[in-house]
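Here is the structure we will look at, set down as structure tokens.
Atoms considered below: every heavy atom in the structure, side chains included; atoms not considered: hydrogens, waters and symmetry mates. Owing to the predicted nature of the structure, the values given are computational and were not obtained by experimental measurement.
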Amino acid sequence: MVLGTPCNADGQDLPPDSAPNPPADGDPDRPWYPFNSRAQFELADLVYHRDEIPAGRLDDLMDIFAALDTSGTPPFANHKELYDCIDAINPERTWQCISVTHADANTFVDGDPSVLAWKKATYDMWIRDPKTLIQKQLSNPEIKDFIDYAPRQVFGDNHQRVWSDFMTGNWAWEQCNKLSEDQENHGAMFVPIILGSDKTTVSVATGNNEYWPIYISTGNVHNCARRGHGQAVNLLGFLPIPKKFESDAEFHAFRRHVLHTCLSVAFESMKPSMTKPEVTLCADGHYRRAIYGLGPYIGDYPEQALLSCIVQGWCPKCTAHRKNLDGKDDVCPRHHTHTKVLLETFSSKVLWKEYGIIDDILPFTAAFPRANIHELIAPDILHQIIKGTFKDHIVSWVESYIEWMYEENAPAILAEIDCQIALAPSFPGLRRFPQGRGFKQWTGNDSKALMKVFLPAIVDFIPSKMSKAITAFLEFCYIVRQSSLDEADLEALDSALKRFEIERTIFEQVGIHPNGISIPRIHALRHYHQLIQQFGAPNGLCTSITESKHIDAVRKPWRKSNQHEALGQMLITNQRLENIAYFRAKQFAKGKCKMDNEYTTGLLKTPLVPEGVNTEALDPDVSDEDGFRDDTALEEVEDANNAISEAIVELAKSPFTRRLRTFAEMGNDIGHPELPDLIAQFVYQQRNPEVIDIPQDCPQILEKAYSYKSAVATFHAPSDLCGAEGMQRQRIHANSSWQNGAPHYDCVFVEKDPSLAGFRGLFVAQVMLFFSFSYRNVFYPCALVQWFDVIGEDPCPHTGMWMVEPEFDEDGDRVVSVIHLDSIMRPAHLIGIYGRDPLPCNLKHTDSLSAFAAFYVNRFSDYHAFQLAF
């Protein structure tokens, strides 16, 4: 079996439990070479990487340093010396240019006007050695805790198979079984090469502003590291973009040949290492014999069609007919072997119309061992689900239905929907839409944000079947975005997709898609079950990773250039940025500095400011307006089984006021003069937990308390945008004036019965006050909350959301009580049940939690809430 067994530098297996190789120390007299000191390196990192200071301003800064220093010597003489130091980290020139021309370019006569310009042009691909980049990733110590050296099959507590990181998928396991047939590969480490490319525009104000970067990663790295946008994903190069003003079939064929030729040439040097192991250093300090293979390719649908050499409108993974992609006809997976047989059997016209195959070329993967591009097309949550199915189709279909159904009243209905979307209360991580859907330039984050608040705003204006279709689709989306999925999740995924396909026929019935829905991006949803089993959780293979990488690899370097023939300058900038990143990783391995990537847990072992220096003047304890420092490091909270606990809620670092106040003062400030009595009842219950009926006249507590504007909930949510350990932090506000404006009182989930699953075991409450006090040597962090009652025994059948309403006592007042902070699980997002009547035009989102008679408990506010509030 291909197991990733450690070996020595000569490829000989080591005994079990052998110690790894210590990191190279370099020159002991100059541990920070080519920098003079750590401070000099940190300055270079700050001005070149983090703050991106231009060269001219760098010279000004060095002059200021020289004026401040008594010796008149700045850290660097000028920007050139700083750049030379960064370049000296890795002085090798890593970029090479591969030029591609038309096959008949040598036969063209100079000056012949009949020869089109694009045929005479030379197209350059700038590329780096992929093996060198992969080896750097494998040996990078910052990911040593987030890498698999062999495939693994994971089973949960319920004995169900679990798919998470790439190496937990069946594809890596199957590849290793194939490799193990050769005795020479036994004990080797299989290294899948993950590629991703995506065209991007750096500026709409200039002419030639389009670039086509290609990125490289390895399947051994955990998904969290790949999503962390660190050095687990590297810029491999820039693909050429042939252009002409009027396109034709001949030009499109040439463009396909350029792409596949470039990719074939780029990986030609790796072909020997795809059949014979090669010794490489790994992040844990051990050597291993690595055997490489082309793995999944990340791209949006146009690139998938281009890479798989199929006609747009067809599926790149299966042979389903483009006119009936989701039909019941028998389909089979596409494969190079099948394609070759078809090419030998049918004419170009038949291949194009009946099979969606372009006959003049085979995909570049056909030239490499064990590689089939149709199998390797990765899932694309961003373009297939979030932007594709949801924003480009479902939202448009709903708008079309409203325009058809309400005719002349449609503009007023759409305006009302925009108003309702704008009224969604604030929530951590929720992007607001003050003008509703009315803006032109949509990003992926905009589409994700709209998904969270769209359904409650439209449910009263569309048929029940339509809202059920959207609910089923959202459930599919939120399930597939989880960082780990087991067999039960896949069953739920199939159930949601089946319901979506049944309910979406409403769009056919009302005439929006009278001839049926046959759209490649929507059809792709059918492949997710199998793709999860093959490649693990899809959120580790998504174009959102490559699009995020565009910022650091393309857009920032372009802005850093003089924008004239910028590509060469961008290549140098990328190399310098990687030099800085790998230099820091090397120093981290020696224990000399910390890593700042969100998936790294390294500690600062040698402070930049020496011990004994008064750091208060250098780093004052400045709190934000809620008294909580966002840069405070999180500590892992572990339970008895050594697993990360479900949640912990802590008060802000600093109280709202520095003086202790009486309970009566705090109650009068927030309009709850009964607060002293509620606290007395709370303390009585805490000291007498066995008592069910709490007396109304409990002894008063005379202690004083501190009040706080917020608390912070930290909980395990690996599917959300958080660190590798899956811990997410959300602020809970209880503020009478948020940013000198309206009040901000957040809602929370409160634990009711841990034995009940999901929302049935929870209460919902709105926090009106955070405070703390001590009584008889016991510290009590507390919250004053207003309660909500659940409406009905089940969620809303149209939205799948639970519904709640404010709870009132016999006198018609809101039911309030004091609870211990430990009973709060995390923030909850409530959205008003708006109804069809027009809302007051002066209503603001800050009034939402007090303006409506009932609310939806928004299960789509984030992925953790989706799992919690079903």
Using side-chain heavy atoms (C-beta onward) and a distance below 4.5 Å, is M801 in contact with P456? yes
Under the side-chain contact (heavy atoms from CB on, under 4.5 Å) test, which residues partner D847, sequence neighbours left out? L843, K844
Can you tell me if E416 uses its side chain to pair, donor with acceptor, with the backbone of L839 under 3.5 Å? yes
For Y745, give me all partners under ring pair (Phe, Tyr, Trp, His ring centres under 6.0 Å), at least two apart in sequence or on another chain. none
Let me check something: any side-chain donor-acceptor pairs from residues 401-412 under 3.5 Å, sequence neighbours excluded? List them with distances.
unit_1 : atom_1 : unit_2 : atom_2 : d
Y406   : OH     : F461   : O      : 3.0
Y406   : OH     : R836   : NH1    : 3.3

Beyond-backbone contact of D460 with Q420, side-chain heavy atoms, under 4.5 angstrom: no
Are any non-hydrogen side-chain atoms of R227 and S483 less than 4.5 angstrom apart? yes
So for atom NZ, which belongs to K752, do other residues, nucleotides or ligands contribute more than 12 heavy atoms lying within a distance under 6.0 Å? yes
Is the shortest side-chain heavy-atom distance between L430 and S861 below 4.5 Å? no
Expected output: side-chain N539 to main-chain R481 donor-acceptor under 3.5 Å: yes
Between L525 and F473, is a side chain to side chain contact (heavy atoms under 4.5 Å, CB included) present by the stated rule, with each step listed? CA-CA 10 Å; L525 274 58; F473 167 76; 4.2 Å; yes
Residues in side-chain contact (heavy atoms from CB on, under 4.5 Å) with V790, at least two apart? F759, W802, V804
Main-chain N/O of K549 paired with D552 side-chain donor or acceptor, under 3.5 Å: no
So, using ring pair (Phe, Tyr, Trp, His ring centres under 6.0 Å) as the criterion, who are the partners of H523 when residues are at least two apart? H527
Flag the pair F808 / V815 as yes when at least one side-chain heavy-atom distance between them is below 4.5 Å, and no otherwise. no
Residues in salt bridge (charged side-chain N to carboxylate O under 4.0 Å, His left out) contact with K468, at least two apart in sequence or another chain: none
Roughly how far apart are S495 OG and F476 CZ, rounded to 0.5 Å? 11.5 Å
Any chance you could measure S197, atom OG, to E303, atom CD, to the nearest 0.5 Å? 3.5 Å
Side chain to side chain donor-acceptor pair (under 3.5 Å) with R555: which residues, sequence neighbours excluded? T200
Ring geometry between Y863 and Y478 (parallel below 30°, tilted from 30 to 60°, perpendicular above 60°): tilted
Tell me whether the NZ or CZ atom of R504 lies within the 45° cone about the ring axis of F500 and under 6.0 Å from its centre. yes
Test side chain to side chain donor-acceptor pair (under 3.5 Å) applied to R526 - qualifying residues, sequence neighbours left out: E501
To the nearest 0.5 Å, what is the distance between OG on S467 and CG on L455? 6.5 Å
CG on D822 to SG on C782, rounded to 0.5 Å: 9.5 Å
Would the distance check show the side chain of Q304 and the main-chain N or O of G299 forming a donor-acceptor pair, the cut-off being under 3.5 Å? yes
Quick one: does N209's side chain have a donor or acceptor within less than 3.5 Å of a partner on V202's backbone? no
Can you list everything that forms a side chain to side chain donor-acceptor pair (under 3.5 Å) with T546? Sequence neighbours excluded, please. none
Apply the side chain to side chain contact (heavy atoms under 4.5 Å, CB included) test between L474 and each candidate in K452, R859, M451; give the one that qualifies. M451
Any idea which heavy atoms bring L382 and C542 closest together, and the distance? N-SG, 3.4 Å
Give the minimum heavy-atom separation between C477 and I386, together with the two atoms involved. SG-CG1, 4.4 Å
Contact between I819 and W787 at the side-chain level, heavy atoms closer than 4.5 Å - yes or no? yes
Using only atom types and a distance under 3.5 Å, with no angle test, would you say the side chain of K387 pairs donor to acceptor with the backbone of S447? no
So do the side chains of I462 and I470 get within less than 4.5 Å of each other, counting heavy atoms only? yes
Assess, by modelled atom type and distance only, whether the side chains of D380 and T543 contain a donor and an acceptor separated by less than 3.5 Å. yes
If only side-chain N and O atoms count, and only distance matters, is there a donor-acceptor pair under 3.5 Å linking S710 with N735? no
Test salt bridge (Lys or Arg N to Asp or Glu O under 4.0 Å) on D794 and R760 and set out the steps. CA-CA 9 Å; D794 295 293; R760 298 182 189 276; 3.1 Å; yes
What pair of heavy atoms forms the shortest contact from A537 to N223, and how long is it? O-ND2, 3.5 Å
Heavy-atom closest pair, residues A424 and V453: CB-CG1, 3.7 Å
List in chain and number order the residues that pass side-chain contact (heavy atoms from CB on, under 4.5 Å) with A422, two or more places apart in sequence or in another chain; answer none if no residue qualifies. none
From CD1 (I479) to CZ (F866), nearest 0.5 Å: 4.5 Å
Contacts of type side chain to side chain donor-acceptor pair (under 3.5 Å), residue R499, not counting sequence neighbours: E475
Judged by modelled atom types alone, do D862 and Q730 share a side-chain donor-acceptor pair under 3.5 Å? yes
Kindly give the heavy-atom pair with the smallest separation between Y301 and P316, and that separation in Å. CE1-CD, 4.1 Å
Atom of R322, atom of G313 and distance for their closest heavy-atom approach: CB-O, 3.2 Å
How are the rings of F855 and F788 set relative to one another: parallel (under 30°), tilted (30 to 60°) or perpendicular (over 60°)? perpendicular
Give me the ring orientation class for W397 and F507: parallel if the planes are under 30° apart, tilted from 30 to 60°, perpendicular past 60°. tilted
Say you draw a straight line from OH of Y856 to CD1 of I833; how long is it, rounded to the nearest 0.5 Å? 5.0 Å
The criterion is side-chain contact (heavy atoms from CB on, under 4.5 Å); which residues satisfy it with N842, sequence neighbours excluded? P840
Can you check whether H672 reaches R814 side chain to side chain, under 4.5 Å on heavy atoms? no
Do H550 and Y215 have ring centroids that are under 6.0 Å from one another? yes
Should the pair H829 and F427 be assigned to parallel (<30°), tilted (30 to 60°) or perpendicular (>60°) ring geometry? tilted
